[in-house]
Amino acid sequence: MNRRKFVKKTTLAAMTGIVGGDIVFGSVMPKGYQPLSFQDPDPFKLFDKDSAMVVLNDKPWNMEAQAHLLDDKVTPSKYMFIRNNGLIPEDVDVENWVLTVDGESVKQIKSYSLQDLKSKFQHHTYQLTLECGGNGRSEFNPPAKGNQWTIGAVSCAEWTGVRLRDVLKDVGIKDDAVYLGYHAADIHLSRNPEKEPISRGVPIRKAMQDETLLAFAMNGKDIPLVHGYPLRLVAGGWPASTSGKWINRLSIRNIVHDGPKMGGSSYRVPCSPVAPGAKVADGDMCIIESMPIKSLITYPKSGAMISEGKKLNIRGHAWAGELEVKKMEYSIDFGSTWKTCILENPINRLAWQHFSANIDFPKKGYYEIWARATDSKGTSQPMLLPGWNPKGYLNNACHRIAIKVI
Ligand SMILES: Nc1nc2c(c(=O)[nH]1)N[C@H]1C(S)=C(S)[C@@H](COP(=O)(O)O)O[C@H]1N2
Ligand SMILES: [Mo]
């Protein structure tokens, strides 16, 4: 965020929030003066995040959770990862926000105000898993450039909005439509208004699913600015890069959308496996669609100690992109043997599923708990790293935590 502009528009009350206390002599502070703590703002206060979140980058802002922070069934905003490709929009004028639907494959160009969208179409609420395609990137070798996400770039919040399908039906879509591309109000790092930081999208078949929303609320409130206020596309189960934030234009394309970050090695992986470090030709790269089967132990925190003779109750979540999770297992012997966990059904399609298990340890000492999910097609998580790819996407290796029995 441009700090100058941010400061100019900030009221004394909001400043108090950012400096983390009452500005005692605030009333005599020169107009336009920038308090020192603004020059290096506390990102946790700035975005209302828990201070145990981990900042990976500040230009643009990127922040991830730790496994134990994701213990809630529905992820609260304070534990939700932030992934920005550019700068957060500075002047969000909700009253005059317009969504335009255009492109080669619309019957006519149509525009909607937020009020139009909210009043014209039925509202729907779903819990939807959003995982960054690069979650887990930090483990690949040779290393991949980009944010070094460990395991915390995933969330499952409750989103409310209108079905994209209902809006597209109202606009009128031609038979040759193949892809939807989003355009948004965020700002390119260069501040060149001609450039978009990112403009991705989904095939029409994904756009038409019940759960694909144009959302205006998250967890029952306005979407926080950093997560896409006032309007966000939400396509659960797909790389979260397809869930465009701050949406002001949708293009219905008669070709695969070709916006920034649709081509090259962005959000694409080799169509068939390659050796680590291999160079892959553009034509041999495929766009990531449904995310792979994955799970996370969210309780206890890695490093926990328990007394000998006591059972340990573990819990967490598992998700499988477009599919359902069918089986959840854990191992305390480095994957030699596996035991079944209790696994709940999803509250709706594309929501993560909760698991738990009650574990007995044979004696004092160091253990690791490994968790492994299997999807409805029978595909299980790999125990260690899956296939290497140039940008380090889709690491769905088993999550592991360390435990000491004392
Ligand atoms: N307009 C816009 N939408 C965006 C992005 C962005 O930079 N700009 N980042 C995408 C990526 S790569 C991810 S992983 C998710 C992150 O969503 P979150 O920050 O709300 O967790 O938003 C996606 N939507
Ligand atoms: Mo992402």
Side-chain angles (χ1 to χ4, degrees), residues 1 43 46-49 53-57 59-65 69-70 75-90 92 97 99 128-138 144-149 151-159 161 180-189 195-202 212-219 222-251 257 259-262 265-269 287-288 291 391-395:
M1 175 171 325
L46 197 58
F47 301 118
D48 245 324
K49 296 290 172 184
M53 296 287 284
V54 181
V55 175
L56 300 185
N57 192 359
K59 280 184 198 91
W61 285 108
N62 286 292
M63 198 187 272
E64 73 169 337
L69 300 178
L70 293 170
T75 312
S77 171
K78 65 178 173 178
Y79 297 137
M80 194 181 244
F81 76 99
I82 299 173
R83 169 40 171 152
N84 292 326
N85 289 265
L87 306 169
I88 299 165
E90 286 157 0
V92 174
W97 191 272
L99 172 75
L128 298 166
T129 309
L130 294 185
E131 182 180 18
C132 178
N135 197 20
R137 173 177 294 138
S138 63
K145 285 206 187 105
N147 288 298
Q148 295 300 303
W149 304 108
I151 37 117
V154 61
S155 66
C156 185
E158 185 186 81
W159 296 92
L180 169 119
Y182 68 72
H183 302 276
D186 48 345
I187 300 156
H188 193 268
L189 288 175
K195 283 191 174 173
E196 290 177 291
I198 185 170
S199 169
R200 304 199 68 241
V202 290
T212 304
L213 299 178
L214 275 171
F216 42 74
M218 186 185 102
N219 296 342
D222 281 349
I223 302 172
L225 176 64
V226 71
H227 294 298
Y229 177 79
L231 192 65
R232 175 173 200 169
L233 179 65
V234 191
W238 283 43
S241 53
T242 60
S243 291
K245 306 193 270 190
W246 314 292
I247 295 299
N248 54 20
R249 183 156 73 90
L250 295 173
S251 296
H257 183 55
K261 310 233 165 160
M262 281 300 293
S265 53
S266 295
Y267 307 102
R268 304 204 309 165
V269 291
I287 297 174
I288 301 168
M291 291 292 286
K391 282 291 283 287
Y393 294 119
L394 308 183
N395 178 0

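One-based numbering, in listed order, for ligands and for the atoms of each.
- Counting only heavy atoms from C-beta outward, the side chains of K145 and R137 never approach each other to under 4.5 Å.
- At least one donor-acceptor pair closer than 3.5 Å links the side chain of Q148 to the backbone N or O of G146.
- Side chain of T75 to main chain of C156: a donor-acceptor pair is present (N/O by atom type, distance under 3.5 Å, no hydrogens or angles).
- The cationic atom of R232 (NZ for Lys, CZ for Arg) does not lie both less than 6.0 Å from the six-membered ring centre of F216 and within 45° of the ring axis.
- No side-chain donor-acceptor contact under 3.5 Å links H257 and S251.
- Within 4.0 Å of ligand 1, protein heavy atoms belong to F81, I82, R83, N84, N85, C132, Y182, A184, D186, I198, H227, R232, A240, S241, S243, G244, K245, W246, Y267, listed by chain and number.
- Note that the CD1 atom of I198 and the CG atom of D186 stand 8.0 Å from one another [nearest 0.5 Å].
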